[in-house]
Structure formats: C-alpha cells, structure tokens
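Step one of this worksheet: look at the structure below.
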Amino acid sequence: MLPEILKIAEGYNVTFNPRTYGKKETLCKCVFCEEDSKPDKGHKFYLSLNTQDQLYKCWFCGASGGVLDFEMKLSGLPYEEIRTKYFGKRKKPRHPADRLNVRQLRTIGWAEYKRKNRAEFKKNREAVLRDWKRYEHEQLVKHFAMFIVVAHIENQEERQDELLRFVMNSCKETQIYLMFNRILAEYVKEDAERTSWAIEGAEIGRAAWRVSLSTYDFAMEKVVLNVSFLYYMLKMKKMHSKRNSVTNDKVSLAN
C-alpha cells in the first residue's frame, strides 16, 4: 500500500494552503521551483497533492509524479531506497536499465519504446544503459565546466548567485540523480583525484575563460555560452575521431 502523500509532505515541513488542507486536492507551496514563495506571490500555492491517488503536480514548473518519487526528491535518497522502505527488498536484483524512470528514459529516447513493447525493451537493456551512461557523462562534463566558470567569478556576488541557481536548475532538468552534489564533491578534490568527467569539464571551463581572455569579453553570459560552444566542439571532435577510426578499420580490413 502506498504511503500517504499528505503525511510525507508534513514530514518535510511543506507549507500548506489551510483552506484546502486534507481535501482530495491539497494545495501547498512548491518545494521544487519555489516560484510561489517569492514575496509578491504570498497567496499563491502552485503545488497540488492528490490525497486520493497519492500524486503531485506543480502548476507552474510542471514537476509531477507519484508519492515515492515525491519523497525521493524531498529526501535526496535513491528511489530504490524509498521503495524498499515501504515494500521491502526485491527478491531479484533489477537490471540498472530497469531502474531508470520514465523521465530519464524519455531524455534518452527510450520511454516510448518501453511503453509499446516491454519484451523488446528487456532485450535491449544493455543498449539503454549505454545510452544513459553516455548521456550522464556528457551532462556531467558540461555542467562541471559551467560550475568551474561560475565558481571563479570575482567581485560579482549577486551575479554569481544568480548563475549558480541557473546551474542548479539546469542540473535538476537533466534527471541525473544528485547531479549538483556530485559536481560539488568533485570540485573540492585535487585535479589528479577527479573522475574523468570532472577532468574533462575542468578543461572546458578553463578553455572558456581563455576564449574570453582572447576577446576581452568577460560578460558572464558570454563565458557560460563559451562553455556550451566548446563542449559542442569537443563532442564533434570525438565523433569525427570515432568515424575516422571506423573508416581506417574498414580500410585495414579491405587491405
């Protein structure tokens, strides 16, 4: 039996609209976008909790899902841990591709495929996992590069806070679990101790600064834009190298 979404929300001190509390549709402040917590929106409550079906939806940012997903986001714990809390451990370990939720699968283009044919999806789980890992690596590289740039801004605290919020929101949109926390954990490490995506991201971030140095353009929007551009160039370079490698292999085989 699913836990009650109202109790979960209470446990995390969510702010309710007292006039709707306990009703089928209980309204509260959105804990995801926090748009209704702005000073000029004190009377707004964008997050709706369906206390009958145990679902949630924000009418401003669009965040939505079931009660387990709701608790996962509020607690920061993995989905599997939340599920085990209420239903116990699974008898058989799940394939990592089966642990990807609908939004994650939609991000890499496999959601509709799974919906239409679960048997075929099961046969292709290794390919799904490869696609997810590739996507995860690319996003971590890109966002680490952006973070490096923003973290090194000097004498612009307000602008830096604004850009950090941008990076944090962008991390959330990737659907990668605790992505911003992972970036912070890598940032405090020495260069030699960082994982491959952080090393790659740091190189792009530093290159973005060098581009700004060469053009004397230090507007932060421009530097962050440089990150996206350099990341795109790196991606194209890798694709080109891979294509050349395949061509050379074919030529070698032909000879």
- Query: Between Y113 and W110, what is the ring plane arrangement, given parallel below 30°, perpendicular above 60°, and tilted in between?
  - Reply: perpendicular
- Query: Given the rule that I, L, V, M, F, W and Y join up when any side-chain heavy atoms are under 4.5 Å apart, are F147 and M168 in one cluster?
  - Reply: yes
- Query: For the side chain of E112 and the backbone of G109, is there at least one donor-acceptor N/O pair under 3.5 Å apart?
  - Reply: no
- Message: Using the rule side chain to side chain contact (heavy atoms under 4.5 Å, CB included), only one of K116, K114, R115 pairs with F121; which is it?
- Response: K114
- Message: Is it the case that the side chains of E71 and Y86 hold a donor-acceptor pair, with the cut-off being a distance below 3.5 Å and no angle test?
- Response: yes
- Message: Please check: side-chain N/O of N124 versus main-chain N/O of A127, any donor-acceptor pairing under 3.5 Å?
- Response: no
- Item | Pair T174-H143, side-chain donor/acceptor within less than 3.5 Å | no
- Indicate yes or no for a side-chain donor-acceptor contact from E186 to the backbone of T195 under 3.5 Å, with no hydrogens or angles considered. yes
- Is it true that M179 and L105 fall in one hydrophobic cluster, defined by side-chain heavy atoms closer than 4.5 Å? yes
- Are R194 and E200 ion-paired here, with the side-chain N under 4.0 Å from a carboxylate O? no
- Decide if atom CZ of R19 counts as having more than 12 heavy atoms of other residues, nucleotides or ligands within a radius under 6.0 Å. no
- Nearest heavy-atom pair of N117 and E120: which atoms, and what distance? OD1-N, 3.0 Å
- Task: Report yes or no: does K29 contribute a side-chain atom to a donor-acceptor pair with the main-chain N or O of D36 at less than 3.5 Å?
- Result: yes
- Lys/Arg N to Asp/Glu carboxylate O, R103 vs D69, below 4.0 Å: yes
- For R125 and K122, indicate whether the former's side chain and the latter's backbone hold a donor-acceptor pair under 3.5 Å. yes
- Is the ring centre of F32 less than 6.0 Å from the ring centre of Y56? yes
- Shortest non-hydrogen contact from G76 toward Y177: O-OH, 2.6 Å
- Task: Give a yes or no answer on whether the side chain of Q104 reaches the backbone of N101 with a donor-acceptor pair at less than 3.5 Å.
- Result: yes
- Message: According to a hydrophobic-cluster definition based on side-chain heavy atoms being under 4.5 Å apart (Ile, Leu, Val, Met, Phe, Trp, Tyr only), do V167 and Y135 belong together?
- Response: yes
- Item | S48 side chain to E25 backbone, donor-acceptor under 3.5 Å | no
- Message: Please find the pair of heavy atoms, one from C30 and one from C58, that lie closest to each other, and give the distance.
- Response: SG-SG, 3.5 Å
- Message: Do I199 and I148 land in one hydrophobic cluster if side-chain heavy atoms of ILVMFWY residues count as linked below 4.5 Å?
- Response: no
- Query: Between T51 and K23, is there a donor-acceptor pair closer than 3.5 Å when you use the side chain of the first and the backbone of the second?
  - Reply: yes
- Message: Could you go through S170 and K142, starting from their C-alpha distance and side-chain angles, then the distance that decides it, and tell me whether this counts as side-chain contact (heavy atoms from CB on, under 4.5 Å)?
- Response: CA-CA 11 Å; S170 184; K142 182 178 173 182; over 6 Å; no
- Run the salt-bridge test on R206 and D191 with the 4.0 Å N-O cut-off and return the result as yes or no. yes
- Would you check if the side chain of Q54 reaches a backbone N or O of V67 as a donor-acceptor pair within less than 3.5 Å? no
- Task: Search all heavy atoms of K73 against all heavy atoms of S64 and return the closest pair with its distance.
- Result: NZ-O, 4.4 Å
- Task: Check the surroundings of atom NZ in K189: do more than 12 heavy atoms from other residues, nucleotides or ligands lie under 6.0 Å from it?
- Result: yes
- Message: F60 and side chain to side chain contact (heavy atoms under 4.5 Å, CB included): which single residue from K44, K41, E34 fits?
- Response: K41
- Query: Shortest non-hydrogen contact from L129 to P96?
  - Reply: CD1-CB, 3.7 Å
- N/O donor-acceptor pair under 3.5 Å between Y187 side chain and A198 backbone: no
- Which pair of non-hydrogen atoms, one from T20 and one from T26, has the smallest distance, and what is that distance? O-OG1, 3.3 Å
